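Worksheet: one structure, shown below.
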Amino acid sequence: AQKITQTQPGMFVQEKEAVTLDCTYDTSDQSYGLFWYKQPSSGEMIFLIYQGSYDEQNATEGRYSLNFQKARKSANLVISASQLGDSAMYFCAMRGYSGGSNYKLTFGKGTLLTVNP
Amino acid sequence: GAVVSQHPSWVICKSGTSVKIECRSLDFQATTMFWYRQFPKQSLMLMATSNEGSKATYEQGVEKDKFLINHASLTLSTLTVTSAHPEDSSFYICSARGGRYTGELFFGEGSRLTVL
């Protein structure tokens with residue numbers, strides 16, 4: 001079974017500052033993928049960044065970077081230079097690659113980020 | 001990037017009626033689509049995996065007779081909520097495999113169902 005834990009129900013950050021959203025995971029799969037999605041109030045799920053379990057380097061996509069610490073089973077999202085438009089719900093998700101878990105995403109409970117002007 | 005479209009984006013229906021939600025992959029073929037349900041301020045819960053040309057695979061606890069899933073083509077999956085009741089009111093989101101990463105999932109815009 002896979003489990004994603006996001007311990008921060010809500011986070012506040014000042015505009016232009018960096019913020020880290022925590023995510024820890026648990027899985028018995030040797031190969032897996034970790035995702036971060038943004039969900040604004042409109043409800044759509046916006047893909048932000050992906051990290052494969054065998055990727056040696058941390059993933060980066062523009063202002064988003066994923067701090068992947070495999071031994072600690074953590075995959076924290078770092079947003080640099082926060083913008084007002086970054087205010088949204090953020091979900092960490094995992095996908096296993098074995099048997100029936102292929103391509104199914106398991107989501108954490110989410111972190112509501114509020115960017116203050 | 002790959003685009004997944006859901007329709008309708010919101011629907012209000014009377015208790016006892018059935019509602020169909022469509023999920024389309026607009027610029028790629030999706031052999032597998034997933035249907036999620038999200039209650040307010042909660043996470044997404046996978047309901048079922050929809051495979052083109054075969055029966056859907058439902059997650060434990062999801063009533064397959066209540067939530068009918070059809071994946072008749074490589075670009076369309078439908079979710080029908082049969083005999084809807086107020087407790088079925090929720091946000092339903094579909095996703096489809098495609099994109100730059102192997103098996104990357106793209107999500108539709110979601111459909112908000114309100115059953116009166």
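Everything numeric here is computed off the predicted structure, so don't read it as measured data. All chains are named by letter (A, B, ...) in the order of the sequence lines, taking the proteins before the strands, and each is independently numbered beginning at 1.
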What are the residues of residues 59-75 of chain B, in order of number, with any heavy atom under 4.5 angstrom from a heavy atom of chain A?
B:E59
Indicate if B:Y92 and B:L116 have the same hydrophobic cluster label, given that clusters are the connected sets of ILVMFWY residues with side-chain heavy-atom separations under 4.5 angstrom.
no
Can you confirm whether more than 12 heavy atoms, excluding those of A:Q30, are under 6.0 Å from its CD atom?
no
Kindly work out whether a path of hydrophobic side-chain contacts (I/L/V/M/F/W/Y, heavy atoms less than 4.5 Å apart) joins B:M33 to A:Y37.
no
Inter-chain contacts: residues 5-26 of chain B against chain A, heavy atoms under 4.5 Å:
none
Any chain of hydrophobic side-chain contacts (each under 4.5 Å) joining B:F28 to B:L76?
no
Are there residues of residues 43-52 of chain B that reach to under 4.5 Å of chain A by heavy atoms, and which ones?
B:S43, B:L44, B:L46, B:T49
Should we count NZ of A:K70 as having more than 12 external heavy atoms under 6.0 Å?
yes
In terms of heavy-atom contacts, A:F91 and B:Q42 come closest through CZ-O, 3.9 Å
For the hydrophobic clusters of this structure (ILVMFWY residues joined by side-chain heavy atoms under 4.5 Å, transitively), does one cluster hold both B:I93 and B:L113?
no
Do A:L66 and A:I4 sit in the same hydrophobic cluster, where Ile, Leu, Val, Met, Phe, Trp and Tyr count as joined when their side-chain heavy atoms come under 4.5 Å apart?
yes
Considering heavy atoms only, which positions within residues 106-117 of chain A lie below 4.5 Å of chain B?
A:F107, A:G108, A:K109
Among A:E44, A:M45, A:M89, A:Q6, which has the most heavy-atom pairs under 4.5 Å with chain B?
A:M45
Starting at CG of A:L105, measure out to OH of B:Y36 and round the result to the nearest 0.5 Å.
4.0 Å
With a 4.5 angstrom heavy-atom cut-off, which part of A:Q39 approaches chain B: side chain, backbone, both or neither?
side chain
Exceeds 12 heavy-atom contacts within 6.0 angstrom, atom CZ of A:R72:
no
In Å, rounded to the nearest 0.5 Å, how long is the span from OG of B:S95 to CZ of A:F47?
13.0 Å
